K.L.:
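Pasting in a structure now, in structure tokens, and then I'll have a few things to ask.
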Amino acid sequence: MCLAMPGAVIEIDRNMAKIDYGGVLKEADISLIEDIRIGDYVIVHTGFAISKLDEKEALESIELWKELLDRSEFS
Amino acid sequence: MERTFGPVGIFMIADIFRDRELIKKTAEFIRTISRDDEFTFMHVCGTHEQAITKFGLRGILPKNIGLISGPGCPVCITPAREIDEAVFLAETGKTVLTYGDMFRVPGTESSLADAKARGGKVKIVYGIQDAVDYAIKNPQEKVVFFSLGLDTTVPGVASCVKRGLPENISLLTSHRLTVPAMELLISLGDLRFEGFLAPGHVSTIIGLEPYEQFPAAYEIPVVVAGFEPLDVMQGVAMLVKQMKEKMPRVENQYSRSVAYCGNTRALEVVRDVFEIAGGDWRGIGRIPGSNLVLRDEYSRYDARKLYDFDIGPPQDIRPGCSCHVVIIGKLDPKDCKMFSQPCTPEKPYGPCMVSSEGSCNIAYKYGGSI
């Protein structure tokens, strides 16, 4: 039951937010996440946002992984 | 890279973690550093098994690396007795609401789908919020939400309970915790594996600290991984690397979603509403500290306290069914004598074939093997 969907927060109304899953809009409860802003990405599971999705961290972690792979090619 | 706004950004992130070149390079990396060592890693998440099978990752990994699937399907491990309780409620005038995955899972004799076919009132919902909305719209009905799910699902349920539920709804809870199951798997002496690929979304809630006991006490490495194919390959690569370095620890591959401390708000609301108890896992038996039950102050929402049950002795595993062996990773679904004949998703004999997160269902749909 890890099945969860990433989406973008496009509207906030107290505990609820409208989430854009790439064309499909659905409401989710965002009360479990601190400091949510419009434009944030969240992971939603059974109607509740359980975490944010940090785009910057995603990109940085991939760059680090690419570097590790490149280094290993020469060792 | 330019920051993109909105859903385009999500697809971009997903694409990055599906990059074929990177997946291939990661497989090569694993091949190079593992050399001839044989390592087997265990994951405990139905969604990981889906990703592994759907994307053919066992075929991409070198032959000396094995991935086995532990009990990561909440619907598969719900004890038959608890399904029997739900069926009983549906057949005695209550409206039972539950997740689609549970609808056709057989209890001892019947599933909720069978109960509905016999005139019982059963409806499928996406989550507890839908169940609450239904209860509000149907005040004359006695509604019971059959509340399942592992660590990821519980915080949402706890939030709703804490806010207060309508008078005509109660919960039949069957919540289980992942880490105690991982502890049990280690204690099964005849199961051989060297590390855990830990479930990404469970970990967004519980963080990494609960896994520290595994490297500390058993020298078993743990890597928390996401669910795109590159996430899983990276996770396996990080596990192999740890094995070669002989420095077992907890690592976080899914850093874009998982923080070390987890989701503290979620953990707090769970603690407020639930307490930990021992729990039965279908086909496995009792795992101490693996169950969440409603605290006394919320007992007015506890269906087991509100209603009397009259059900016969439960039977978790039907004769000939191998689900109890499949869910601890000791049997490949395709090696079960009943696989596809006669057990199929349309005519399931055991729970693992019903749920989209069950190993047998996944193997049937995508043709994989443990």
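The model shown is predicted, which means the values in this text are computed figures rather than measured ones. Each chain gets a letter, A, B and so on, in the order the sequences are listed, and its residues count up from 1. Hydrogens, waters and symmetry mates play no part in the numbers below; they use all other heavy atoms, side chains included.
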K.L.:
With chain A, which of B:Phe17, B:Tyr126, B:Phe29 has the greatest number of heavy-atom pairs at distances under 4.5 Å?
P.N.:
B:Tyr126
K.L.:
What part of A:Glu34 gets within 4.5 angstrom of chain B, counting heavy atoms only: side chain, backbone, both, or neither?
P.N.:
both
K.L.:
Output yes when B:Arg163 and A:Asp29 qualify as a salt bridge under the 4.0 Å nitrogen-oxygen rule, no when they do not.
P.N.:
yes
K.L.:
Quick check on the structure: residues of residues 255-262 of chain B within a heavy-atom distance below 4.5 Å of chain A, by number.
P.N.:
B:Ser255, B:Arg256, B:Ser257
K.L.:
Picking from A:Ser61, A:Gly47, A:Ser31, which has the most non-hydrogen pairs under 4.5 angstrom with chain B?
P.N.:
A:Ser31
K.L.:
Please say which of B:Met238, B:Gln253, B:Lys25 ends up in a side chain to side chain contact (heavy atoms under 4.5 Å, CB included) with A:Trp65.
P.N.:
B:Met238
K.L.:
Give, as side chain, backbone, both or neither, the part of A:Ile33 having an atom under 4.5 angstrom from any heavy atom of chain B.
P.N.:
both
K.L.:
State whether the number of non-hydrogen atoms from other residues, nucleotides or ligands found under 6.0 Å of B:Lys244 atom NZ is greater than 12.
P.N.:
yes
K.L.:
With a 4.5 Å cut-off on heavy-atom pairs, point out which of B:Ser355, B:Gly156, B:Ala266 contacts chain A the most.
P.N.:
B:Gly156
K.L.:
Using non-hydrogen atoms and a 4.5 Å limit, figure out which bit of A:Ile50 sits close to chain B: side chain, backbone, both or neither.
P.N.:
both
K.L.:
Identify which part of A:Leu53 has an atom lying under 4.5 Å from any heavy atom of chain B, answering side chain, backbone, both or neither.
P.N.:
both
K.L.:
How far does CD1 of B:Ile16 sit from NZ of A:Lys66, to the nearest 0.5 angstrom?
P.N.:
7.5 Å
K.L.:
Are A:Thr46 and B:Val157 close enough, and set up right, to give a side-chain contact (heavy atoms from CB on, under 4.5 Å), and what steps lead you there?
P.N.:
CA-CA 10 Å; A:Thr46 63; B:Val157 174; over 6 Å; no
K.L.:
Among B:Leu267, B:Val269, B:Thr264, whose side chain to side chain contact (heavy atoms under 4.5 Å, CB included) with A:Leu32 holds?
P.N.:
B:Val269
K.L.:
Under a 4.5 Å cut-off applied to non-hydrogen side-chain atoms, are B:Ser159 and A:Phe48 in contact?
P.N.:
yes
K.L.:
Does some side-chain heavy atom of A:Leu69 sit less than 4.5 Å from a side-chain heavy atom of B:Leu22?
P.N.:
yes
K.L.:
So what's closer than 4.5 Å to chain A heavy atoms on B:Arg176: side chain, backbone, both or neither?
P.N.:
neither
K.L.:
So which part of B:Ile33 gets closer than 4.5 Å to some heavy atom of chain A, the side chain, the backbone, both or neither?
P.N.:
neither
K.L.:
Quick one: list whatever passes ring-ring contact (aromatic ring centres under 6.0 Å, His included) with B:Tyr254, sequence neighbours left out.
P.N.:
B:His201
K.L.:
Heavy-atom distance under 4.5 Å between the side chains of A:Ile62 and B:Leu230, does that happen here?
P.N.:
yes
K.L.:
Test B:Thr204 against A:His45 for side-chain contact (heavy atoms from CB on, under 4.5 Å), laying out the working first.
P.N.:
CA-CA 11 Å; B:Thr204 65; A:His45 172 78; over 6 Å; no
